[in-house]
Amino acid sequence: MEVNPLIGVGILLVIAYVFFYLPQSQIRQILVFIILSMIGYALVITVAEMPAFGALNTPANNLVASRYIEGTVGETGALNVIAAIITDYRAFDTLGEATVLFVAIAAAISTLKTH
Amino acid sequence: MEDIVVRAVSRLIVPFIQLYGLYVIFHGHLSPGGGFAGGAIVASSMILYGISFNLEAGSRKLSHDLSSLLESGGALWYLLVGLIGILLGSNFLANKIAGVPLGTPGQLLSSGIIFLLAMGIGAKVASTMVTLFYSLSGGEDSDGNRT
C-alpha cells in the first residue's frame with residue numbers, strides 16, 4: 001500500500017506533541033488513550049497477518065531447516081542439531097557471543113571492584 | 001544462612017550437580033545441552049554452595065586468578081580451536097571442510113571441533129556466572145567499599 005511519507009511524519013509529530021509537550025489534563029488523557037489504542041490496533045492486525053502455526057510455504061519451513069535436519073550428521077558428525085548449528089555452521093557467531101560474555105564480565109568486575 | 005537442612009542437602013547434592021553439568025558439556029554434541037547449558041549448571045552448583053554455606057567461603061573456592069584464567073582461557077581456547085581450520089588449509093572455525101576427523105557419529109569423541117569448542121564455552125559460561133554472582137552479592141562496609 002502506497003502511503004505518503006508526509007502523513008507518517010505528521011502522525012509522529014502529533015504523537016510527540018501529545019506525549020512530550022501537552023500539559024497534564026483531561027484532553028491529554030483522552031488523546032493518549034486514542035493514540036495507544038491506534039498503536040495497539042496496528043500491532044494486533046500485524047499479528048493477524050502472520051501465517052498460521054505450522055503452515056507450509058512460510059519462511060520458517062523453507063529449505064534451510066530441512067537441510068540442517070538431513071545434513072547435520074553427515075556434515076558435522078554431531079547428533080545434536082542445535083549444537084551443530086551453534087558450534088559448526090554458526091561458530092563465528094558463537095565466538096561473538098563468547099566475546100560478549102567476556103566484555104560483560106570485564107565491565108562488571110572493573111565497575112564493582114570485588115575480590 | 002544457618003539452616004541445617006539446607007546445608008546437609010546442598011552438601012549432598014552439589015557434587016552430583018557438578019557431575020551432571022560436566023556430563024551436559026561433554027555430551028553437548030550427542031544429547032540436548034551443550035557448552036552454555038552445562039556451564040550454567042556447573043555455575044549454579046557453585047552458587048548453591050555459596051548461598052547455603054557462606055558467601056566468603058564460596059568466593060574463596062573460585063579465586064580471582066582462577067576465574068580470570070578460566071575466563072580468558074575459554075576465549076583463547078575457542079580462538080585456538082578455530083585456528084585449526086586455518087592450519088589445515090581452510091577457513092577459520094572450519095570443521096569437516098578442513099579435514100578434521102569427525103569420528104563415528106554417536107561416540108563421545110566425535111564431531112571434530114564441536115566437542116572441543118563446547119569445553120571452552122562451558123568453562124567460560126561457568127566462570128562468568130559465578131564471578132558475576134559473587135561480584136553482585138557482596139555487601140558494603142562502613143567506608144563504602146564492597147566486600
Side-chain angles (χ1 to χ4, degrees), chain A residues 43 46-47 49-115, chain B residues 27-37 39 59 63-65 67-68 71-72 74-75 77-79 81-82 85 91-97 100-107 110-118 120-121 124-125 127-132 134-138 145-147:
Chain A
L43 291 176
T46 308
V47 171
E49 285 290 313
M50 287 171 72
F53 181 74
L56 291 172
N57 304 320
T58 59
N61 281 330
N62 60 11
L63 285 173
V64 178
S66 53
R67 163 67 192 272
Y68 281 143
I69 292 169
E70 286 161 10
T72 292
V73 176
E75 290 172 359
T76 67
L79 301 185
N80 185 353
V81 181
I82 296 169
I85 290 173
I86 65 171
T87 49
D88 191 322
Y89 293 111
R90 302 281 178 267
F92 204 77
D93 183 48
T94 312
L95 176 63
E97 280 183 53
T99 314
V100 166
L101 278 177
F102 187 82
V103 172
I105 197 66
I109 289 177
S110 62
T111 313
L112 297 169
K113 274 202 285 189
T114 52
H115 295 289
Chain B
H27 288 73
H29 54 298
L30 301 176
S31 58
F36 286 99
S59 65
S63 66
H64 187 54
D65 291 338
S67 76
S68 64
E71 193 69 39
S72 35
W77 174 253
Y78 200 103
L79 287 171
V81 171
N91 291 323
F92 184 59
L93 287 165
N95 194 2
K96 191 192 180 185
I97 310 168
V100 179
L102 291 185
T104 314
Q107 297 288 312
S110 67
S111 78
I113 65 167
I114 294 178
F115 181 69
L116 301 171
L117 292 180
I121 296 172
K124 203 164 158 41
V125 170
S127 123
T128 299
M129 281 188 64
V130 173
T131 312
L132 206 54
Y134 285 119
S135 303
L136 295 173
S137 65
N145 295 319
R146 299 191 65 86
T147 55

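Below, chain A is the first sequence line, B the second, and so on; all start at residue 1.
Contact annotation for Ser68(B): neither backbone nor side-chain heavy atoms come within less than 4.5 Å of a heavy atom of chain A. Only the backbone of Ser31(B) comes within contact range of chain A, with at least one heavy atom under 4.5 Å from a heavy atom of that chain. Only the side chain of Phe36(B) comes within contact range of chain A, with heavy atoms under 4.5 Å apart. Contact of Leu117(B) with chain A is made through the side chain alone, with heavy-atom distances under 4.5 Å. Only the side chain of Ile121(B) comes within contact range of chain A, judged by heavy atoms closer than 4.5 Å.
Using bins of under 30°, 30° to 60° and over 60° for the plane-to-plane angle, the ring pair Phe92(A)/Phe92(B) lands in the perpendicular bin.
Highest contact tally toward chain B, considering only Ile86(A), Val73(A), Thr94(A), Asn80(A), is held by Asn80(A) [criterion: heavy-atom pairs under 4.5 Å]. Taking Asp88(A), Leu101(A), Leu95(A), Thr99(A) one by one and counting their heavy-atom pairs under 4.5 Å with chain B, the maximum is reached by Leu95(A).
Using a cut-off of 4.0 Å between Lys/Arg side-chain N and Asp/Glu carboxylate O, Arg67(A) and Glu75(A) are scored as salt-bridged.
Between Val100(B) and Gly112(B), the shortest heavy-atom contact is CG1-CA, 3.7 Å. Ser67(B) and Thr131(B) make their closest contact through CB-OG1, 3.6 Å (heavy atoms, listed as atom of the first residue, atom of the second, distance). Summarising the geometry of Gly28(B) relative to Ala83(A), their closest heavy-atom pair is O-CB, 3.3 Å, with the distance given to 0.1 Å. Taking every heavy atom of both residues into account, Ala91(A) and Thr87(A) meet most closely at CB-O, 3.5 Å.
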